[in-house]
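The block underneath contains the structure these notes are about, expressed in structure tokens.
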Amino acid sequence: MKRIAAVQDISCVGRCSLTVALPIISAMGVEACPLPTALLSTHTLFPEPYVRDLTDMIAGITEHWKKIGAAFDGIYTGYLGSLRQIEVISRFIDEFRGEGFVFIDPVMGDHGRLYSGFSPEYVGRMAEFCGKGDIIVPNLTEACFMLGRDYIGEKYDRDDIKGVLRELTGLGASKAILTGVSLEPGRLGAAAYDSGSGEYFLCMGDRVQGSFHGTGDIFASVCVGALAKGEALGLAVERAVNFTCESIKATTDDLPDRRFGVNFEKVLHILSSEE
Ligand code: PXL
């Protein structure tokens with residue numbers, strides 16, 4: 001069985017980062033080992049979460065992993081909370097990447113804005129960190145910030161998206177996936193580019209109006225599971241768009257507060273039956 005390390009925070013309430021990555025990757029038949037970077041009572045869209053930074057624990061955990069010879073077929077990084085954490089995780093990647101793939105989701109913003117706590121300096125360092133990846137998966141906001149472009153909102157066409165993808169691979173990862181792409185009304189999905197083969201992929205699903213918290217992490221987790229199983233980039237993106245859409249559809253008649261995330265648990269069986 002393939003084994004990946006999922007490196008991101010655990011936000012106890014609000015379905016994102018590790019509480020999404022572990023069940024999804026497991027359902028796909030891939031062992032998911034958490035390397036928790038911070039513990040939060042909720043993600044940061046709720047006001048005043050309790051936060052305990054865990055950066056100081058990472059050396060102890062990884063030293064022990066080295067001692068027992070733990071190795072990974074892939075490393076998946078998501079939300080990282082500080083410049084120091086990026087440094088520490090960079091070293092973890094150098095020590096543990098082996099023959100495995102490195103998948104970086106540069107989580108730091110959405111809808112044209114950075115999440116609270118992120119600075120332009122963090123954006124610059126994250127763009128550099130993306131050069132360590134084999135595959136990166138920013139949304140349009142994160143891509144525009146990292147490339148120093150004005151946020152393109154929904155004012156773009158297919159060629160603009162191809163241009164953004166090519167520029168993203170210029171950061172150093174050979175494959176880039178761009179999420180939150182909409183090229184026609186009522187449809188939303190992702191585009192991807194493999195600079196090695198020169199192939200582009202585009203996959204769209206039906207758009208449900210509004211924004212759903214944690215769906216970027218759901219999307220990235222399905223991609224990681226599929227890539228760990230050796231599936232091609234285009235198929236990984238297709239599975240991820242499909243599962244993200246199904247998770248949203250499973251939520252739309254049960255929406256007390258969108259900050260609690262989407263009911264992906266109801267549709268996890270889709271992933272296990274594809275196993
Ligand atoms: O879903 C991204 C995410 C992950 N982790 C934390 C967050 C966010 C987005 O706001 O706050 C702690």
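Here, residue 1 is the first one in the sequence, and each next residue gets the next number. Keep in mind the model is a prediction, meaning the values are calculated, not measured. Both ligands and their constituent atoms are indexed starting at 1 by order of listing.
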**Prompt:** Can E199 and S197 be counted as having a side-chain donor-acceptor contact under 3.5 angstrom?
**Reply:** yes

**Request:** Under 4.0 Å, heavy atoms only, figure out whether ligand 1 is touched by the backbone of H213, its side chain, both or neither.
**Result:** side chain

**Asked** Are F46 and F260 an aromatic pair by the rule of ring centers under 6.0 Å?
**Response** yes

**Request:** Please report which non-hydrogen protein atom sits nearest to atom 5 (N) of ligand 1, along with the residue it belongs to and the distance in Å to one decimal place.
**Result:** D9 OD1, 2.9 Å

**Asked** Do any N/O atoms on T44 end up under 3.5 angstrom from N/O atoms on ligand 1?
**Response** yes

**Fill in**
When rounded to the nearest 0.5 Å, the distance separating CD1 of I86 from NZ of K132 is 11.5 Å

**Asked** Have Y50 and R52 got a donor and an acceptor in their side chains that come within less than 3.5 Å?
**Response** yes

**Prompt:** Using the ring of each side chain (for Trp, its six-membered ring), is Y193 parallel, tilted or perpendicular to Y200, with breaks at 30° and 60°?
**Reply:** parallel

**Prompt:** Tell me: protein heavy atom nearest atom 2 (C) of ligand 1, and distance?
**Reply:** D217 OD2, 3.4 Å

**Request:** Among all protein heavy atoms, pick the one closest to atom 7 (C) of ligand 1 and tell me residue, atom and distance.
**Result:** Y79 CE1, 3.4 Å

**Prompt:** Counting both backbone and side chain atoms, is some N or O of H43 under 3.5 Å from an N or O of ligand 1?
**Reply:** no

**Message:** Could you check whether S17 and D9, counting side-chain N and O atoms only, form a donor-acceptor pair closer than 3.5 Å?
**Reply:** yes

**Atoms in ligand 1 flagged as close to V107, the criterion being non-hydrogen separation under 4.0 Å** = 2 (C)

**Message:** Suppose I only count heavy atoms of S17 and a 4.0 Å limit; which atoms of ligand 1 are within that range?
**Reply:** 4 (C), 5 (N)

**Request:** Around atom 10 (O) of ligand 1, find the nearest protein heavy atom and jot down its residue, atom name and distance.
**Result:** L45 CD1, 3.2 Å

**Request:** Take T55 and Q85, measure what side-chain hydrogen bond (donor to acceptor under 3.5 Å, both in side chains) needs, and give me the verdict at the end.
**Result:** CA-CA 6 Å; T55 317; Q85 211 159 70; 3.0 Å; yes

